[in-house]
*Asks:* 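Got a structure for you, written out below as structure tokens; questions coming shortly.
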Amino acid sequence: METAGKTTEQSPSPAISALAMRYLVLAALIVIASLGFGFANENFFSLANIGILLRSISVLFIVSMAMTFVMLTGGIDLSVGSNVAFAGGVGVIALTATGSAPVGFLAAILAGMSIGLINGIFVGRMKLSAFMVTLATFALARGLALVIYDADSINVSNAIFLWLGGTSWGNVPVVIPFVVLVFAVLSVVLYRTTFGRDVYAAGANFKTAFVLGRRPERTLVWVYILSGALAGLSAIITVGRVSSGQPWAGLYLEFDAITAVILGGTSLFGGRGRLFGTILGVLLYGIIINGLVLTGTNPYLQSLIKGAILLSVVLLDSWTQRGKQR
Amino acid sequence: MTHRIDMTGIGKSFFATRALDDVDFSCVAGEVHALVGLNGAGKSTLMKVLGGAIERDQGRIEMDGRDVAITGPADARAIGVAMIHQEYSLIDELTVYDNIFLGRELHRKGTPFLNKAEMARRVRAELKRFGLSLDPGRLVRDLNSGEKQIVEIMRALMSEAWLIVMDEPTSALSEGDKERLFHFIRRMKSEGVAIIYISHHMPEIFGIAERVTVMRDGRIVLSERTTDTTEEAVISSMSGSELDDFVKPHKAAEGEILLSVRNVSKTATYHDVSFDLRQGEILMLTGLRGCGAPELAKTVFGLDDGYRGDIAYRDVRLKPGRGPAAAVRDGMGLVTENRDTNGILAPLSVRDNIALPFLEKSLSFGLIDNTRIERLVDRAIRDTSAKTSSPSQEIRFLSGGNKQKICFSRWLDRDLELLVLLEPTRGIDVHAKADIYRIIEELAERGVGLLILSYEIDEVVMLADRVITFYEGRSISEYVHPHFDKDRMLADIAGTGPEQAA
């Protein structure tokens, strides 16, 4: 151990180059996948289709960025998909009750945050396993959504409420620049605020963060609240896209987000990863899934392919990690 | 038949360090042989050679006059040598007899089914032979540490071991359990078992051992029958006198009182401890493992709240349960004894590791000012002379000494008033040690109060302005520079100081 440390000490920091390498590989894969699907279907490269593709993965972008925060702390949030349905339901019901879009927005985001708060208190304060807690709220939030929707969708016609998810400027859906804006804001939060550094610290070594006076238990609570808030935001976009609130919205979203985050190089064990990697991960994952639809692949195969992607990424990561350890 | 083991001329080097130098050591069935020495004297290396955990460079090991080859732990077990470590290797969810028969279970004749009754009966009979009463059907999970130790030893005895090596066996035991262990050891002796007993506790050694051997710097410096030597002779041979020449310049403690600890107690950890610490003073607490001093130091930093008594810092009484965040805000710092578990943040860069406690001080308009962080990190690395290829390097690639310097460098800013250090030089090389000592001296000169726990008596004597010795949770006596008496300190921490004799 000690001797291994000494020999690697001389070499330049291998982690940076490994990360850069991963982003290059991801970018290359994105290009290859795009070209492949482009040859198979000439529509793939049409401006309209690129807009459709990006819009269809806009929610995944936002949820995956939130998931990156959670996974950087060494946790996981399985409740995001259900939370999108629940928060959407609360938002839509608040909207229909008051007729005010701002009230609807606020209600959706607060509803998302409240599920996040539950996760945060159980995981951060009571030190329960993030997997178990969010598995519980995964079921709980979906149940709440089904109850408040009474298992039926609610149509929405309020133009302001639908604007974010449903409007396009020419071929560019409004939601795309919005995702870029969210990325910029979250980047500042993660890299330039004390909270962001505490997210890394809590995941890198909870005990050390505690001893250094960083209050990691508090950081965890806020991370899950952030994840809930962004699920609420995603709910608004989802409602906007289909002009209705659906009790089954966000199904399998947690799976897609976790896969994209891991694909983007964030460690399952916390402390390692960047938002930019997640963006690349979502792009690659989104292109593959979307491309399969466009090329007319049997839709029943999609889930199979998703599972295969996740398994191979985890396998690859464990190989490269093992190489790095000793 | 009386077995014996003779190790002769054992030598072992680790790189440039001579860990064992021409060591002779013998052990005879029916006797307890105590092995004594300061940390790093070579005791554990010698026992690892005997146990097959490491291979010797030179020397012979003979059993009953015939050479034996010990190249791995299995060889040692095969000739009947068993090591009882402080961490027990028992499976909590299994019963006592399951653990004892693990891997060599008894079956009902001709069937794959376990013969539990027979296993339990045999364990009960063996326990009875050694004068012990313990239900073999109990789950190990429900046993206390003394009972677990008995199970561990019984397992060794029932797998034909005749030589048992015990490393600080009483460190985690209550008084009652200690008495039972000593009783057990006497019975083992009469049953023809040989015991190597590693300990610093003089009363224990002179109570049960026939022979005592003292190691220092990889050599045997004393080996006598306990009836032919005294506690004083053992203690003075442990410390040696070569290092006593170093004299630290005298410095009057004239800073204001920074920390005042009054009658602080915690059940089964420390009892009724009081002391003051002044600005610019280096106060060192020392004792054996389990003496309660590290827990006390952590309490001062706010890592522990189940205590009674008063701790005042800068004349303000500290509230129990305030946590380390409040301590850091008030200008305290802590370097823990266990770098890798709670000292470093392994996946993060050196920069992030250093900057963490400084983040709030480096904000401009609510955002972290990276140029300020960069300046701070550069200075911290320079001040501690830590070697790293770049601040962006992940800290886990650094050597132990450099990791430790990074742990120090977090606290070197001007707001630091009290630094608590736990075993500050544990597991680091000589050069890094020298740098750490320099940093400590510089901090003291700047007026920072230092509360340091160290188990290395030479380090204590060299570095401290004042020393408090601990034995079993009590502070024994206080020594002020330059009136340090290493032998008396060692006697204090071994439980044979003048005050304790009564």
Side-chain angles (χ1 to χ4, degrees), chain A residues 1-20 72-74 185 187-219 265-273 321 324-326, chain B residues 15 298 301-303 323-330 332-336 338-350 352-353 355-357 359-360 362-363 365-370 373 387-403 407 410-411 427-429:
Chain A
M1 187 74 192
E2 207 76 328
T3 47
K6 263 167 201 151
T7 47
T8 44
E9 211 163 8
Q10 279 23 322
S11 67
S13 184
I16 295 302
S17 58
L19 203 65
L72 279 174
T73 67
V185 170
S187 293
V188 170
V189 170
L190 187 57
Y191 306 125
R192 296 294 298 277
T193 66
T194 53
F195 171 72
R197 303 327 289 169
D198 283 338
V199 166
Y200 278 97
N205 191 332
F206 191 90
K207 277 190 197 158
T208 303
F210 179 72
V211 167
L212 294 181
R214 300 311 307 180
R215 302 183 189 276
E217 64 285 359
R218 204 175 277 190
T219 306
T266 296
S267 161
L268 265 173
F269 308 104
R272 212 175 269 139
Q321 285 294 325
K324 263 192 273 176
Q325 291 300 330
R326 243 157 243 252
Chain B
F15 305 105
K298 284 183 188 169
F301 188 71
L303 279 177
V328 172
R329 200 184 50 227
D330 292 346
M332 290 193 201
L334 171 76
V335 177
T336 56
N338 210 334
R339 273 189 296 283
D340 289 319
T341 45
N342 55 9
I344 62 164
L345 301 125
L348 300 190
S349 65
V350 169
D352 287 341
N353 266 280
L356 212 47
L359 295 178
E360 275 77 12
S362 313
L363 295 179
F365 306 108
L367 297 181
I368 294 167
D369 182 343
N370 282 325
I373 292 279
K387 281 182 206 66
T388 170
S389 58
S390 112
S392 315
Q393 178 163 38
E394 281 183 47
I395 194 167
R396 65 200 171 102
F397 294 108
L398 267 51
S399 69
N402 283 315
K403 281 183 196 160
C407 290
R410 291 183 179 132
W411 306 113
I428 64 178
D429 64 73

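No hydrogens, no waters, no symmetry mates; every other heavy atom, side chains included, goes into these values. Just so it is clear: chains get the letters A, B, ... in the order the sequence lines come, proteins before strands, and each one is counted from 1. Small disclaimer: the values here were computed from a predicted structure and weren't measured.
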*Asks:* Which atoms of B:Ile373 come close to chain A, meaning under 4.5 Å heavy atom to heavy atom: side chain ones, backbone ones, both, or neither?
*Replies:* neither
*Asks:* Please test A:Tyr191 against B:Leu367 for side chain to side chain contact (heavy atoms under 4.5 Å, CB included), starting from the C-alpha separation and ending with a verdict.
*Replies:* CA-CA 9 Å; A:Tyr191 306 125; B:Leu367 297 181; over 6 Å; no
*Asks:* Stepwise, does the side chain to side chain contact (heavy atoms under 4.5 Å, CB included) test hold for B:Leu303 with A:Phe210?
*Replies:* CA-CA 9 Å; B:Leu303 279 177; A:Phe210 179 72; 3.6 Å; yes
*Asks:* Which atoms form the tightest heavy-atom contact between B:Leu348 and A:Gly271, and what is the distance?
*Replies:* CD2-O, 3.2 Å
*Asks:* Using 0.5 Å steps for rounding, measure from the NZ atom of A:Lys207 to the OG1 atom of B:Thr341.
*Replies:*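 It is 5.5 Å, given to the nearest 0.5 Å.
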*Asks:* Given side chains that start at C-beta, do those of B:Asp352 and A:Tyr200 come closer than 4.5 Å, heavy atoms only?
*Replies:* no
*Asks:* Between B:Ala346, B:Pro357, B:Gly343, who has the most heavy-atom pairs with chain A when the cutoff is under 4.5 Å?
*Replies:* B:Gly343
*Asks:* Can you check whether B:Ile344 reaches A:Thr208 side chain to side chain, under 4.5 Å on heavy atoms?
*Replies:*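 No, their side chains stay 4.5 Å or more apart.
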*Asks:* Less than 4.5 Å to any heavy atom of chain A: does that hold for the side chain of B:Ser349, its backbone, both, or neither?
*Replies:*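 For B:Ser349, neither part sits under 4.5 Å from chain A.
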*Asks:* Could you tell me which of B:Leu356, B:Val328, B:Val350, B:Asn353 has the largest number of non-hydrogen atom pairs under 4.5 Å with chain A?
*Replies:*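 Ranked by contacts with chain A, first place is B:Leu356.
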*Asks:* Can you measure from CG (B:Leu359) to CZ (A:Arg214) and round to the nearest 0.5 angstrom?
*Replies:*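 With rounding to 0.5 Å, CG (B:Leu359) is 4.5 Å from CZ (A:Arg214).
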*Asks:* Tell me the closest heavy-atom pair linking B:Pro347 and A:Gly270, and the distance in Å.
*Replies:*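 Looking at all heavy atoms of both residues, the closest pair is CG-O, 4.1 Å.
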*Asks:* Set out, in order, the CA-CA distance, both residues' side-chain angles and the distance that settles side chain to side chain contact (heavy atoms under 4.5 Å, CB included) for A:Arg192 and B:Asn370, then state yes or no.
*Replies:* CA-CA 8 Å; A:Arg192 296 294 298 277; B:Asn370 282 325; 3.6 Å; yes
*Asks:* Determine the minimum heavy-atom distance between A:Ala209 and B:Leu345, stating which atoms define it.
*Replies:* N-CD2, 4.4 Å
*Asks:* Kindly determine whether A:Leu212 and B:Leu334 satisfy side chain to side chain contact (heavy atoms under 4.5 Å, CB included), including the steps that lead there.
*Replies:* CA-CA 8 Å; A:Leu212 294 181; B:Leu334 171 76; over 6 Å; no
